[in-house]
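Worksheet: one structure, shown below.
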Number of protein chains: 2
Amino acid sequence: MLTERHLEVVLAVVYEYIKTGEPIGSRTIARKFLRDRSAATIRNEMADLEEMEYLYQPHTSAGRIPTPKAYRVYVDAILRRQRPFPSVSEGWIRELRGRRKDVEEALVYATRLLGRITSYIGVAALGPAQETVLQRVEFLRMGHSTVLVLLVLRGGLIHHKTVTLPCDMTQEALDELSRRVSTIAIGRSWAEVRGTLQSYVEDALERYADSCRSALKEMDGLLTEQPFQFFTGGTHNVLGLPDFSDLGRLQTIMALLEEDESIGKLVRNCSTERGLCVTIGDENPELKMPDCSIVMASTVTGGRKAVVGLIGPVRMDYERSISVLERVLETLAGKNENVKSDEEVH
Amino acid sequence: MLTERHLEVVLAVVYEYIKTGEPIGSRTIARKFLRDRSAATIRNEMADLEEMEYLYQPHTSAGRIPTPKAYRVYVDAILRRQRPFPSVSEGWIRELRGRRKDVEEALVYATRLLGRITSYIGVAALGPAQETVLQRVEFLRMGHSTVLVLLVLRGGLIHHKTVTLPCDMTQEALDELSRRVSTIAIGRSWAEVRGTLQSYVEDALERYADSCRSALKEMDGLLTEQPFQFFTGGTHNVLGLPDFSDLGRLQTIMALLEEDESIGKLVRNCSTERGLCVTIGDENPELKMPDCSIVMASTVTGGRKAVVGLIGPVRMDYERSISVLERVLETLAGKNENVKSDEEVH
DNA sequence: TATTAGCACTCCCATTCACAGAGTGCTAAA
DNA sequence: TTTAGCACTCTGTGAATGGGAGTGCTAATA
């Protein structure tokens, strides 16, 4: 297995490679990191490490490049120890804090901020609304059997959808429906009231039973079927990185980021685990981003679960990325604040 | 000025250059477009055209490349004549038609569709809401002096904003405010009722005068200060184009597209004019995209003005872009449909 | 036994050079 | 006014070259 010095060499190679992007030679390691050993010794270690698949050579007579396995060791080491406080402009943090009133806006800003600070791509997802307390339910008649379903959730979040019902309901009937649904649902989450509503409302408004059924189904869809809302920001920052000089690859990534489905996978990949989660390269082949690493973490803002993260090259600056992300998450969650946030009302 | 043959040469060079991307030599023109003239003759014409700044040579012994001035002549010619019906998958058009219920969703889809079909970047903007009829106004208390202002506009569009008022209003007082504002505003546009409201509501609820003033100001801001909503789609399509092989330039463009401000300029640039509007290269230096051309046109969907367009390289396929855009716009506006759209109610 | 110095070897990459090819401008003839 | 012919210019490509960085191996050393 890995000896102490093997480990030191791996960490040194990863560290240096992240900094320079060039293959790292034995001389460099001996000079900068293990001053009491000669290059020849390091060379032997490196040969071992190559056999164990922690390092590889792009060609004979080149330095070594870390494999995903080496990055994993490196990242685990970072996660274990204390990270330095990242230098992030206080102005930006304050701006982000100021936007917390509107969760969506805050997340859009957070992704752009993350992108700008790290030169990687910021992503965010807003968790399923079904756990969030409903504050208001309205059905507004828009046209012939077309109705706008409007849900106000705690945290200033609004979901709405225009739906077509099987029969034309008057605004009065819809108000009646709103009232009945409200009585039961307001102050509770959709998950709690879902079952109750299905049976109750239909009986009470039997004349419109079909329409009510379909309206409730749409609400259900709004709150559960499309459980995450996605945001990406700062995609352009990544264009300058040498790691993404292969345009074809970059194009694939950008295309993936435009589909909600693949960000969905991204989030699911992370949200099952606790806290911070780093995926290196093709550790999760389902994500279809073999040349990218993903740093994600979840938090709670505006009463909803949110997942925020960064997508960068495998050779990304994990230390900085992680600490910047932690700082942003803290700000979103409202930790370390002097001003108390508004207390919730009913 | 330009003789008939000068014009033919210009059009031929632009046409061929758009197709190949390589400098065009006199031989090519003589062989493919002006078969009754020899290459030497064309060469003379080309020398003239170079002097008149319609063409230029990247170096002495290379073919000619069109200047923006030549593209302008070409585009004007296209705009004047009948364009061929573009080959766009009927499935996509049907999909787009199906999404028309929700204006925002439709525009998001439209931009992605445009991007995918043309390999350029789709952009869209949804026009100012102040001309749109208000359907509902609500103020919902979210917390201590925090209020959610909610505006439902015709066309299924919702604007909302969480605002902080100078004093804590109860939900009852807010309901009163909603009711009063509704009485005056429902069924009219913000532009119509703006003045009336300012003076009326404050008197009626003098106890909360300050708060009302500030609430109305926020509504005003929501409907006028931020008059456009922006969408971009299919940005990744452009990564494969040889014209954007300069990553630095591409990065600038992508960064611009992430700021609402610059898309705002884009839209203003177009929306003052009637119908279809093509901006080539730095024809409008304010847009800060000297290497891009922009094809935009406006339409009306869901009762609101929308501007939809394409951003591509100067060497873009104008003919196809314009006709695809026209097709998409028609679909958004609901022309050429068999199924009648829902009639509007009250 | 582990470490190190020395050395020959490998491979990459930037530079140089020559050359084919495409296209021009000019001139003189039709 | 148009065209054929020709010398000239410039680019892009491919081969040849040499420097440089880094390795693996061996033999000497602690």
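What you are looking at is a predicted structure, and each value in this text was computed from that prediction instead of being measured. Numbered from 1 within each chain, the chains take letters A, B, ... in sequence-line order.
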ask   = Do the ring planes of B:F33 and B:Y15 sit parallel (below 30°), tilted (30 to 60°) or perpendicular (above 60°)?
value = perpendicular
request  = Let me know the distance between CZ of B:R37 and P of D:dT1, rounded to the nearest Å.
outcome  = 12 Å
query = Please give, in whole Å, the distance from D:dT2 P to B:D48 CG?
reply = 11 Å
query = What does nucleotides 18-24 of chain C look like as a protein-contact string, B for base, S for sugar-phosphate only, - for none, at under 4.0 angstrom between heavy atoms?
reply = ----BBB
inquiry  = Need to verify one output field. Residue with the more 5' nearest nucleotide on DNA chain D, B:H59 or B:N44?
reply    = B:N44
inquiry  = Using OP1 and OP2 only, check whether a side-chain N or O of A:R5 sits under 4.0 Å from C:dA2.
reply    = no
key: Ionic contact status for A:R249 with A:D246, cut-off 4.0 Å   = yes
query = When the distance from CZ of A:R31 to P of C:dT4 is rounded to whole Å, what number comes out?
reply = 16 Å
task = Mind calculating the distance between CD (B:E22) and C1' (D:dC10) to the nearest angstrom?
result = 15 Å
task = Find the distance B:L49:CG to C:dG25:C1' and express it as a whole number of Å.
result = 16 Å
Nearest-Å distance for atom pair CD1/C1', residues A:I42 and D:dA21 = 17 Å
query = Has A:E53 got more than 12 heavy atoms of other residues, nucleotides or ligands less than 6.0 Å from its CD?
reply = no
What donor-acceptor contacts under 3.5 angstrom involve side-chain atoms of residues 72-81 of chain B, with partners at least two apart or in another chain?
| residue | atom | partner | partner atom | Å |
| --- | --- | --- | --- | --- |
| B:R72 | NE | B:E283 | OE2 | 2.9 |
| B:R72 | NH1 | B:D76 | OD1 | 3.0 |
| B:R72 | NH2 | B:V278 | O | 2.7 |
| B:R72 | NH2 | B:E283 | OE1 | 2.6 |
| B:R72 | NH2 | B:E283 | OE2 | 3.3 |
| B:R81 | NH1 | B:E319 | OE2 | 2.7 |

request  = Grab the CZ-P distance between A:R35 and C:dT3 for me, whole Å please.
outcome  = 18 Å
inquiry  = Using only atom types and a distance under 3.5 Å, with no angle test, would you say the side chain of A:R315 pairs donor to acceptor with the backbone of A:Y17?
reply    = yes
ask   = Can you tell me how far the CG atom of A:D282 sits from the SG atom of A:C292, to the nearest 0.5 Å?
value = 11.0 Å
